[in-house]
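One structure is given below, encoded as structure tokens.
Lettering of chains follows the sequences in order, A, B, ..., and the numbering in each one begins at 1.
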Amino acid sequence: EAGVTQFPSHSVIEKGQTVTLRCDPISGHDNLYWYRRVMGKEIKFLLHFVKESKQDESGMPNNRFLAERTGGTYSTLKVQPAELEDSGVYFCASSPPSGGPYNEQFFGPGTRLTVL
Amino acid sequence: GQQLNQSPQSMFIQEGEDVSMNCTSSSIFNTWLWYKQDPGEGPVLLIALYKAGELTSNGRLTAQFGITRKDSFLNISASIPSDVGIYFCAGPQGNTGKLIFGQGTTLQVKP
């Protein structure tokens with residue numbers, strides 16, 4: 001079974017440009033999460049989709065970030081316009097429909113974003 | 001919001017040594033998780049703890065869920081070079097499943 005995949009693995013852009021990150025979750029996983037780790041700090045939650053609906057977007061830094069999950073399959077995270085502080089590693093994770101004390105989240109390899 | 005304080009920040013040890021790292025919180029967690037991130041990969045779940053006082057092992061790894069539900073530790077015995085990576089503690093916040101992570105402990109093992 002394929003794991004969570006993310007594209008691209010690396011992206012280097014200039015301040016003010018737009019970047020779109022893509023995440024393909026494990027097939028059948030309704031839950032999709034976006035997280036970000038900035039320069040040696042903790043991994044921080046950005047938002048959570050259940051199928052195509054945004055369940056929780058409390059971690060989104062500001063309105064320059066737009067996440068979509070059309071059709072409840074893959075998700076995109078667009079940053080427009082990018083700022084220097086947006087640099088970091090963006091992780092996507094997915095988990096199956098709710099059940100049990102904790103649904104394990106399976107993480108993708110991340111996209112390393114560098115804004116110059 | 002809830003925060004997890006993880007220590008130490010980094011460790012550099014000799015192969016064969018035991019390692020211990022811990023995580024504390026100012027608020028209660030009902031589940032404690034320990035993840036490992038290998039270079040170039042995403043975090044992978046090592047151990048999940050669900051009950052206060054629970055002690056769980058996974059091979060050379062042992063983790064405990066503190067009695068107060070505000071702390072957890074992870075021990076690695078007889079370290080080997082492939083133990084190198086970043087170890088994160090984490091806990092779910094609320095009912096949506098979103099995870100709160102510690103800052104991570106970077107482990108380096110000298111052969």
Side-chain angles (χ1 to χ4, degrees), chain A residues 2-10 21 23-26 29-50 53-60 67 88-112, chain B residues 1-10 21 23-26 29-52 54 56 58 63 65 69 72 85-108:
Chain A
V4 177
T5 57
Q6 292 187 245
F7 183 83
S9 57
H10 293 82
L21 314 181
C23 168
D24 286 79
I26 293 172
H29 282 194
D30 289 348
N31 295 291
L32 188 150
Y33 301 82
W34 283 99
Y35 294 88
R36 176 175 73 175
R37 188 177 193 224
V38 173
M39 274 297 282
K41 296 195 174 181
E42 73 272 24
I43 300 173
K44 277 195 170 181
F45 167 83
L46 296 178
L47 88 158
H48 170 209
F49 283 99
V50 177
S53 299
K54 290 176 186 174
Q55 182 80 6
D56 182 352
E57 52 185 328
S58 61
M60 294 288 263
V89 181
Y90 290 76
F91 291 106
C92 175
S94 71
S95 68
S98 297
Y102 171 66
N103 279 336
E104 181 179 349
Q105 293 182 26
F106 296 85
F107 282 77
T111 294
R112 181 173 295 278
Chain B
Q2 288 177 304
Q3 286 186 319
L4 295 179
N5 296 307
Q6 187 172 346
S7 64
Q9 188 174 11
S10 62
M21 58 194 78
C23 208
T24 60
S25 171
S26 58
F29 278 85
N30 292 316
T31 300
W32 281 90
L33 308 167
W34 285 94
Y35 280 85
K36 182 192 178 194
Q37 183 188 0
D38 287 323
E41 303 290 331
V44 173
L45 183 66
L46 298 174
I47 291 179
L49 302 157
Y50 302 111
K51 288 170 58 176
E54 179 181 357
T56 297
N58 179 5
F65 191 149
R69 293 197 282 159
S72 176
I86 306 175
Y87 292 79
F88 293 97
C89 60
Q93 182 179 54
N95 296 320
T96 64
K98 77 179 187 185
L99 297 177
I100 306 299
F101 283 87
Q103 301 95 327
T105 296
T106 301
L107 178 65
Q108 297 183 67

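Nearest heavy atoms, A:S94 versus A:H29: OG-ND1, 2.8 Å.
Of the atoms belonging to A:Y35, it is side-chain heavy atoms, and not backbone ones, that fall under 4.5 Å from chain B. Contacts of A:Q6 with chain B are absent, with no heavy-atom separation under 4.5 Å from either backbone or side chain. At a 4.5 Å heavy-atom cutoff, B:L4 makes no contact with chain A through either its backbone or its side chain. For chain B, the nearby part of A:R37 is the side chain; its heavy atoms alone come within less than 4.5 Å. Interface residue A:S58: only side-chain heavy atoms are found under 4.5 Å from chain B. Within the 4.5 angstrom heavy-atom criterion, no atom of B:Q3 approaches chain A. Contact of B:P43 with chain A is made through backbone and side chain together, with heavy-atom distances under 4.5 Å.
In summary, B:K36 and B:D38 engage in a salt bridge, as defined by a charged side-chain N under 4.0 Å from a carboxylate O.
A distance of 12.5 Å separates CZ of A:F91 from CZ of A:R36, quoted to the nearest 0.5 Å. For the atom pair B:F65 CZ and B:Y50 OH, the distance stands at 11.0 Å (nearest 0.5 Å). Atoms CD1 and CG, on B:I100 and B:L33 in that order, are 11.5 Å from each other to the nearest 0.5 Å.
Checked against the 6.0 Å centroid criterion, the rings of A:F107 and B:Y35 qualify as a close aromatic pair.
Each of B:G102, B:G97, B:G104 has some count of heavy-atom pairs under 4.5 Å with chain A, and the biggest count is that of B:G97.
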